[in-house]
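Report on the following structure.
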Amino acid sequence: MEKYEQERFAKLQKLREKGIDPFGGRYDNTQSIQTILKEFVPERDDLKVKAAGRIMTMRPHGKTVFLDIRDWTGKIQVYIKRDKIGEEPFELSKLLDLGDLLGVEGVLFKTRTGEVTIYADSFTLLSKSLLNPPEKWHGLKDVELRHRQRYVDLFTSPEVMQTFLKRIQIIKHIRTFLDARDFVEVETPMMQSIPGGAVARPFITHHNALDIDLYLRIAPELYLKRLLVGGMERVYEINRNFRNEGISTRHNPEFTMMELYQAYSDYNGMMELTEGLVVSLVEKLYGNYEIPFGEITINMKPPWRRATFCELLEEHSGIKYDDEEGLIRKSKELGLETAGIDRDNIANNLFEELVEKALVNPTFVLDYPTSICPLTKTCAHDPRFAQRFELYIASMEVANSYSELNDSIEQDKRFHEQLGTEADIAGKIDEDFLTALKYGMPPAGGLGIGIDRLIMLLTNNVSIREVILFPLLKPK
RNA sequence: GCGCCCUUAGCUCAGAUGGUAGAGCAACUGACUCUUAAUCAGUGGGUCGGAGGUUCGAUUCCUCCAGGGCGCACCA
């Protein structure tokens with residue numbers, strides 16, 4: 001390692017001796033390689049182009065050298081010929097290495113073998129690379145190295161670059177979609193003194209001047225609803241949530257969540273919105289509704305199935321929600337814990353065990369038991385159930401939505417039921433949120449979409465770490 | 001947190017019932033003015049993840065540790 005670096009450093013010194021700055025500077029008016037490749041027309045041999053990119057391969061042939069440079073849009077071959085470029089510059093080309101960043105000016109032509117190539121009039125070293133890039137053919141395969149040194153992964157693997165560019169495109173599309181429907185994007189606190197809006201272990205941090213502990217937010221929900229009270233009728237936020245829990249192919253401690261709230265809507269409105277949004281993304285990225293995901297193919301064609309929690313539970317377990325003994329019996333058959341657990345949670349555990357795995361094509365699961373939905377309005381026809389849906393695709397929970405509970409008295413009661421004893425409650429209920437509700441919050445639909453998971457689906461990556469630029473890894 | 005698996009050259013990978021390792025790419029030297037996984041000739045490169053143990057001898061067997069992958073658990 002040391003050795004390779006020294007060899008390259010020696011070349012760098014030689015360049016300096018020749019008066020060349022090995023780290024370049026401003027290099028204006030380049031065109032993207034993709035644009036250059038599109039511009040080429042076979043009839044013309046005088047199209048001047050200027051490109052900049054990283055040297056990926058080099059094929060020296062005595063008094064000529066072919067090299068491929070890549071930028072973030074594509075790859076193009078460069079042809080450097082001594083008789084064309086002059087003796088001194090040609091000597092400089094011998095000090096180039098794989099991985100160096102190079103600027104090239106020249107005319108386009110097609111080689112005998114049919115490859116569009118820049119016939120270099122001149123080249124400029126824009127940055128000397130001091131480390132060996134990974135192998136040209138296999139690239140960087142080691143998953144750990146790919147994540148730790150994402151910068152290498154990105155310049156080595158165009159597919160990885162494409163995944164992240166798609167991620168950016170998807171998030172941009174979501175913003176455009178929501179902006180077109182009169183939503184406004186807002187920012188709410190990441191550091192909260194009471195972590196609310198979800199149930200999860202938070203990260204704790206400390207503010208020195210105030211000498212108080214703060215929590216990194218587990219959800220923005222309670223602040224976004226305050227904005228509904230304030231009269232911001234359609235708000236959304238796309239930003240990070242932090243949960244101090246296990247790491248898996250579907251969980252990263254910090255992840256990107258989109259939450260939105262629409263006054264005077266409800267969870268039915270949110271279903272329409274969700275389906276419209278995700279389908280528009282599928283159409284944009286795929287042009288058809290059959291999308292591959294790992295080993296499976298998902299059919300995203302709307303309309304998506306809508307089925308209640310109870311229907312699905314019965315469909316996959318043969319047991320009705322009302323049949324408490326049946327639920328317990330089935331749970332025991334499956335080896336699930338039942339002691340000290342109430343019926344709703346037993347039902348929910350059974351649901352997770354039996355139903356979720358089967359939900360491959362998009363399915364809206366409606367009307368969860370009220371006790372596991374503390375922030376949700378109950379169903380008019382049966383208050384044991386709440387107006388909530390979760391959207392499952394490929395057995396992953398992708399979205400979660402409800403008709404927002406706007407009755408402050410009911411909300412107060414639910415918080416207390418959720419938290420249990422008075423001792424547990426101290427300092428854990430966001431009283432200011434309840435105060436806000438008392439002023440009056442419009443009935444509203446709320447929606448949360450796990451952006452990373454959505455991007456996994458839309459880019460065919462089965463691990464969340466493949467769609468997060470710098471996933472959390474233990475320090476080496 | 002638990003279980004299974006992985007860690008060998010800069011990168012991608014071989015390998016040995018235990019006798020201190022090999023290929024391709026990359027690098028270095030030379031030849032080559034339309035090549036493209038360029039080619040040809042030659043050269044160098046390794047604490048075999050770390051620490052212990054067994055052994056005459058360990059990279060190989062055992063234990064522990066670290067990092068990672070997958071699954072489970074956790075996760076409204």
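Every chain is numbered from 1 and lettered A, B, ... according to where its sequence line falls, protein lines coming before strand lines.
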Compute the centroid of each ring, for A:Y79 and then for A:Y119, and state whether the two points are separated by less than 6.0 Å. yes
Phosphate OP1/OP2 of B:G71: any A:T249 side-chain N/O under 4.0 Å: yes
Calculate the interatomic distance between A:R146 atom CZ and B:U7 atom C1'; express it in whole Å. 17 Å
Once you round it to whole Å, what is the distance between C1' of B:G69 and NE2 of A:H147? 9 Å
If you compare every side-chain N and O of A:R465 against the phosphate oxygens of B:C70 (OP1, OP2), does one of them come in below 4.0 Å? yes
Where the side chain of A:L145 is defined as all heavy atoms beyond and including C-beta, which of B:C74, B:C11, B:A26 is the nearest nucleotide? B:C11
A:Y79 has a side chain; which of B:G44, B:C34, B:C70 sits nearest to it? B:C34
Pairwise C1' distance for B:C34 and B:U43, with rounding to whole Å: 30 Å
Check: A:Y215 main-chain N/O paired with A:Q192 side-chain donor or acceptor under 3.5 Å: no
At under 4.0 Å, does any side-chain N or O of A:K81 touch on OP1 or OP2 of B:U33? no
Report the nucleotide, chosen from B:A76, B:C34, B:C25, that has the shortest atom-to-atom distance to any side-chain atom of A:E397. B:A76
Answer with base, sugar-phosphate or nothing: what part of the nucleic acid does A:P133 contact at a heavy-atom distance below 4.0 Å? nothing
Main-chain N/O of A:P471 paired to A:N252 side chain as donor or acceptor, under 3.5 Å: no
Distance between the C1' atoms of B:C61 and B:G3, in whole angstroms? 23 Å
Using atom types as modelled and distance alone, determine if a side-chain donor or acceptor of A:R388 lies under 3.5 Å from a backbone N or O of A:N400. no
Expressed in whole Å, how much space separates the P atoms belonging to B:A66 and B:G57? 29 Å
May I ask you to decide whether A:K136 forms a salt bridge with A:D68, counting only side-chain N to carboxylate O separations under 4.0 Å? no
Confirm from the modelled atom types if A:E115 and B:U35 form a donor-acceptor pair under 3.5 Å, side chain to base only. no
Less than 4.0 Å between a side-chain N and a carboxylate O, is that true for A:E311 and A:R305? no
Say you pick atom C1' in B:U55 and the same atom in B:G18; how far apart are they, in whole Å? 9 Å
In RNA chain B, consecutive runs of at least three Watson-Crick or G-U pairs below 3.5 Å, as range with range, amount to B:1-7 with B:66-72, B:10-13 with B:22-25, B:27-31 with B:39-43, B:49-53 with B:61-65
B:C75 C1' sits how many Å from A:D452 CG, rounded? 15 Å
Hey, is the main chain of A:G294 close enough, under 3.5 Å, to the side chain of A:N460 for a donor-acceptor pair? yes
Closest to the side chain of A:R250, out of B:C72, B:G67, B:C70, is B:C72
Pairwise P distance for B:G44 and B:C2, with rounding to whole Å: 48 Å
side-chain N/O A:R59 vs B:A38 OP1/OP2, d < 4.0 Å: yes
Among B:A38, B:U12, B:G67, the nucleotide that comes nearest once only the side chain of A:K476 is considered: B:G67
If I pick the P atom on B:U8 and the same atom on B:G68, what distance separates them, to the nearest angstrom? 15 Å
What I want to check is whether an N or O donor and acceptor connect the side chain of A:E5 with the base of B:G10 at under 3.5 Å. no
Tell me whether the count of non-hydrogen atoms from other residues, nucleotides or ligands lying under 6.0 Å of CD in A:E88 goes above 12. no
N-O pairing of A:E17 and A:K14 below 4.0 Å: no
Enumerate the residues from residues 343-356 of chain A whose closest heavy atom to RNA chain B is under 4.0 Å, giving them by residue number; use none for an empty result. none
Roughly how far apart, to the nearest Å, are B:G67 and B:G49 at atom C1'? 8 Å
With a 6.0 Å cut-off (strictly less than), is the heavy-atom count around NZ of A:K75, excluding the residue itself, greater than 12? no
Here the distance between atom C1' of B:C34 and atom NZ of A:K84, to the nearest Å, is 14 Å
Report yes if at least one side-chain N or O of A:K3 is closer than 4.0 Å to OP1 or OP2 of B:A26; otherwise report no. no
Using a cut-off of 4.0 Å on non-hydrogen atoms, how would the nucleic acid contact of A:D68 be classed: base, sugar-phosphate, or nothing? nothing
Let me know the distance between NE2 of A:H251 and C1' of B:C74, rounded to the nearest Å. 8 Å
Output the rounded distance in Å from OH (A:Y119) to C1' (B:U35). 14 Å
A:R148 vs A:P374, nearer the 5' end of RNA chain B by closest nucleotide: A:R148
Describe the nucleic acid contact of A:K11 in one word from base, sugar-phosphate, nothing, applying a heavy-atom distance below 4.0 Å. sugar-phosphate
Side-chain atoms of A:D97 come closest, of B:G44, B:U35, B:C28, to B:C28
Say you pick atom C1' in B:A26 and the same atom in B:G46; how far apart are they, in whole Å? 16 Å
Touch class at under 4.0 angstrom, heavy-atom based, for A:V143 against every strand present: sugar-phosphate
Considering all heavy atoms, the nearest A:P383-A:T370 contact: O-OG1, 2.8 Å
For B:A26 and A:K136 - does any side-chain N or O of the residue sit under 4.0 Å from the phosphate oxygens OP1/OP2? yes
When we call it a touch if two heavy atoms are under 4.0 Å apart, what does A:G450 touch: a base, just sugar-phosphate, or nothing? nothing
When you measure from the side chain of A:R217 to the backbone of A:G197, do you find a donor-acceptor pair of N or O atoms at a distance under 3.5 Å? no
Picking from B:U35, B:C75, B:C11, the nucleotide nearest the side-chain atoms of A:H61 would be B:U35
Does the pair A:K330/A:E333 count as a salt bridge with the N-to-O cut at 4.0 Å? yes
Could you pick out which residue, A:F109 or A:T57, lies toward the 5' side of RNA chain B when each is mapped onto its nearest nucleotide? A:F109
Among B:U35, B:A76, B:G69, the nucleotide that comes nearest once only the side chain of A:L473 is considered: B:G69
Atom CZ of A:R201 to atom P of B:C74: distance rounded to whole Å? 12 Å
Can you tell me which nucleotide in B:C11, B:A26, B:C34 comes closest to the side chain of A:T111? B:C34
Interatomic spacing from CD in A:E431 to CZ in A:F415 - rounded to 0.5 Å: 9.0 Å
Value in whole Å for how far the C1' atom of B:A73 lies from CG of A:L336: 13 Å
The side chain of A:W137 is closest to which nucleotide in this list: B:G10, B:A73, B:A37? B:A37
